[in-house]
Structures are given as structure tokens and as C-alpha cells.
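Order of the sequence lines sets the chain letters (A, B, ...), proteins ahead of strands, with each chain counted from 1.
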Number of protein chains: 2
Amino acid sequence: MARELLEALDQAGVRLTGPRRELAALIARRTGHFTAADLLADAEQRSLGIGRATVFRLLELLADQNLVERVDLPDGRHAYVPCEPSHHHHLVCVSCGAISEVDDCGIDAVTAEAARRSGFEIQSHRLELFGRCPRCQNVEPRQ
Amino acid sequence: MARELLEALDQAGVRLTGPRRELAALIARRTGHFTAADLLADAEQRSLGIGRATVFRLLELLADQNLVERVDLPDGRHAYVPCEPSHHHHLVCVSCGAISEVDDCGIDAVTAEAARRSGFEIQSHRLELFGRCPRCQNVEPRQ
DNA sequence: ATCAGTATTGAGACTAAGTCTCAATACAAG
DNA sequence: CTTGTATTGAGACTTAGTCTCAATACTGAT
Ligand SMILES: [Zn+2]
Ligand SMILES: [Zn+2]
Ligand SMILES: [Zn+2]
Ligand SMILES: [Zn+2]
């Protein structure tokens, strides 16, 4: 999966540098969502000597490329999720952070209807669903 | 509108203090979304002597009461929107910040379907639509 | 109106998040 | 290899947001 990130970056015409390869590997071995601070901590724990700015810069690059998506957690934190470029919605487990992609089933109709009623010209939207994944439901059923 | 905020706070059993009345009035005269920093700037501009912590504390109170809703802007900033307690989705104009409420037309069906397919137990969701309001479209048609 | 008890307040220290600058480095193409 | 340029890390800096605590101001009871 790190491979895919790097290939996509290559396509985009950016240099495949050491820090970028290392960060791509760290992202690949993450499960679920992660924050910039998480990634930075990963890098520091391995003494990779990667600067804070580099982490933020790479995340911005990946987000521009739709290789990760920004997710705003219910508590207000900014997180990232590795993402198929064609999908834009996620189900986020609030217990373990697991992610499930959501198909566009019906969303576009909703936005179109909202545009019609309001007169707005809709440029983008953000849909995030929060809950508990099947595994976490089993661990602690009900609440 | 400030009146409504204060009444609702009263109902919730919190004290109706001077700073809270003043902030409610400032919120009432805002149009569209605003950030904590915006509100703080309003207060400072009028030399009300209201501390930063008080602003954040009131916004948290209002959000708990569903009197304002947190909105995460596309650029990552956290903003607030005065809000009918029963509605949870907003159309946000990226030019002027104007807000339009979105009915639940079809959203609930989408989330139910996503829950069924994924096995997640959905607790909450967040839908934000971004675009340009009719007025801003007229000012600068096309982009 | 007064009072007492407690929620709330502002100041300011503090932490975390994110940006910016700049000289040094490392990539990639020739 | 060499060369030109994108990228880098350090660290200063800016916001955003939280926390503590002594002082203050509500509120409900008297
Ligand atoms: Zn989408
Ligand atoms: Zn889970
Ligand atoms: Zn809703
Ligand atoms: Zn507008």
C-alpha cells in the first residue's frame, strides 16, 4: 500500500525522497484514522529525524491527490484516512478508529435536491458517519 | 434571537450572567458562520473585557444545548452556526459564509443503508454542503 | 433588601496544532 | 558526475484551545 502512495506521488510529479518513502510506509502500517501528531510520533519513535513540517507537508500533498481524506472527528480533532480516490465518505468507529467506506448511495440525490431548493451552487460536501464497528459491538455490547 | 438563546440557557439551569448576555447579543447580530476567534474579536472590539476562556465555555454550552452547531470548514477551521435544535445539516456559502438549513430529505435512508451494509451501529453523522449562495453567484457568476 | 453558597469569571500560564523561513541537502535529469 | 531545483529539518513563530485559581456576581432563601 505504501507502494501505491508512492506511485501516485510519482505520477503527480513530485520527488520520491527518503522522508516521503518512510512516511508512506508508516501510513501504510496504520489501521484506521490517524492524526498528524500520530504520524509524527511514529516517525519520532523510530528516530527517523523527520521534521514536523515535513509531516504536515506530505499530508497536504496526499490530501490534494485524494490519497488520504481529512476527517473531522466528533471531538474536533483533525484526522486522516487512507482512501480510494473515488470515494469520499467514511464510517468511523469511535471506539477503535476502524474505517469503512461508504458508497455514494443516494447522497448525490440529496445534494442535488438541496441545491434545487436553496438556490446554492454546491461545490463540495462532506459526509462522515460515526458509530461502532461490528467487532467493537461484540466486545462491549450496548453502549 | 439573543432572547431565545438566553431563554434556552435559563431552561438548562445555567446562570444568566452579564458576559453570557453580551455574548448572546454578539452571536445574534452575526450572519452566517463564525469562529470562536471571530466572537472573541467582537467582544474585544467593544472592550467588554470578556476573557478567552469564557467565549470557549459559552460556545461549548450552546453546542451541548444544540443552539449552535459546530461546522468544520473546508480549510480545516472550526466554526459555529446558530441552529434550529431539530436540524443538523447546513449549506455553507464559501464566499460570504451565509447558511441555509438542509432538510433531512433522504439522509436518514442513506445512513440506514450504510449501517446495514457495513454492520456498523451508527451513533451520529455530520453532513456539510459547501458552495455559493444565490447572491454570491450573481455578484461573480461562474467561479 | 440582605445574605450565603456556589457557579462563573478573567488573567494568564500552559499545551497542542500548524505555519513559515532559510540555509543545507538530496533528488533527478542530462 | 554535475547541476539546478525541489525538498528538507530546525526552530521561531502564530493560533487554537485548556487549565488553574483567586475574585466576583448570580440566585434562591430569608
Ligand atoms: Zn462524495
Ligand atoms: Zn471498532
Ligand atoms: Zn442529521
Ligand atoms: Zn454567499
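- In summary, B:Arg126 and B:Asp72 engage in a salt bridge, as defined by a charged side-chain N under 4.0 Å from a carboxylate O.
- Across all strands, A:Gly18 comes closer than 4.0 Å only to sugar-phosphate atoms, never to a base (heavy-atom distances).
- Atom CG in B:Leu61 sits about 10 Å away from atom C1' in C:dT8, given to the nearest Å.
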**Request:** Could you encode protein contacts along nucleotides 11-24 of chain D as a string, one character per nucleotide from 5' to 3', using B for base contact, S for sugar-phosphate-only contact and - for no contact, with a heavy-atom cut-off of under 4.0 Å?
**Result:** -B---SBBBB----
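- One interatomic measurement links the two molecules: CG of A:Leu48 to C1' of D:dG9, which rounds to 13 Å at whole-angstrom precision.
- For the pair A:Leu6 CG and D:dT7 C1', the interatomic distance rounds to 15 Å; values are reported in whole Å.
- Looking only at atom types and distance, the side chain of B:Thr111 has no donor-acceptor partner in the side chain of B:Asp108 under 3.5 Å away.
- Atom P of nucleotide C:dT8 and atom CG of B:Leu23 are separated by 14 Å, given to the nearest angstrom.
- If you run side chain to side chain contact (heavy atoms under 4.5 Å, CB included) between B:Phe34 and each of B:Leu39, B:Val71, B:Val81, only B:Leu39 comes through.
- The ring-ring contact (aromatic ring centres under 6.0 Å, His included) contacts involving residues 59-85 of chain A comprise A:His78-B:His78, where partners must be two or more places apart or lie in separate chains.
- Nucleotide C:dT25 holds its P atom 17 Å from the CD1 atom of A:Ile50, rounded to whole Å.
- The separation between A:Arg20 atom CZ and D:dG9 atom P is 10 Å, rounded to whole Å.
- Residue A:Ile50 holds its CD1 atom at 4.5 Å from CD of A:Glu22, rounded to the nearest 0.5 Å.
- Separating the CG atom in A:Leu127 from the NE2 atom in A:His90 is a distance of 10.5 Å, to the nearest 0.5 Å.
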Hey, what are the protein-to-nucleotides 27-30 of chain D N/O distances that come in under 3.5 Å?
from, atom 1, to, atom 2, distance (Å)
D:dT27, OP1, B:Leu16, N, 3.0

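- Residue contacts shown for A:Gly76 are absent, as no nucleic acid heavy atom lies under 4.0 Å away.
- At a threshold of 4.5 Å between non-hydrogen side-chain atoms, the residues A:Gln65 and A:Gln11 do not count as touching.
- Using a 4.0 Å cut-off between charged nitrogen and carboxylate oxygen, A:Arg117 and A:Glu113 count as a salt-bridge pair.
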**Request:** Under the salt bridge (charged side-chain N to carboxylate O under 4.0 Å, His left out) rule, what do B:Arg29 and B:Asp42 come out as? Steps first, then yes or no, please.
**Result:** CA-CA 10 Å; B:Arg29 72 172 50 211; B:Asp42 286 353; over 6 Å; no
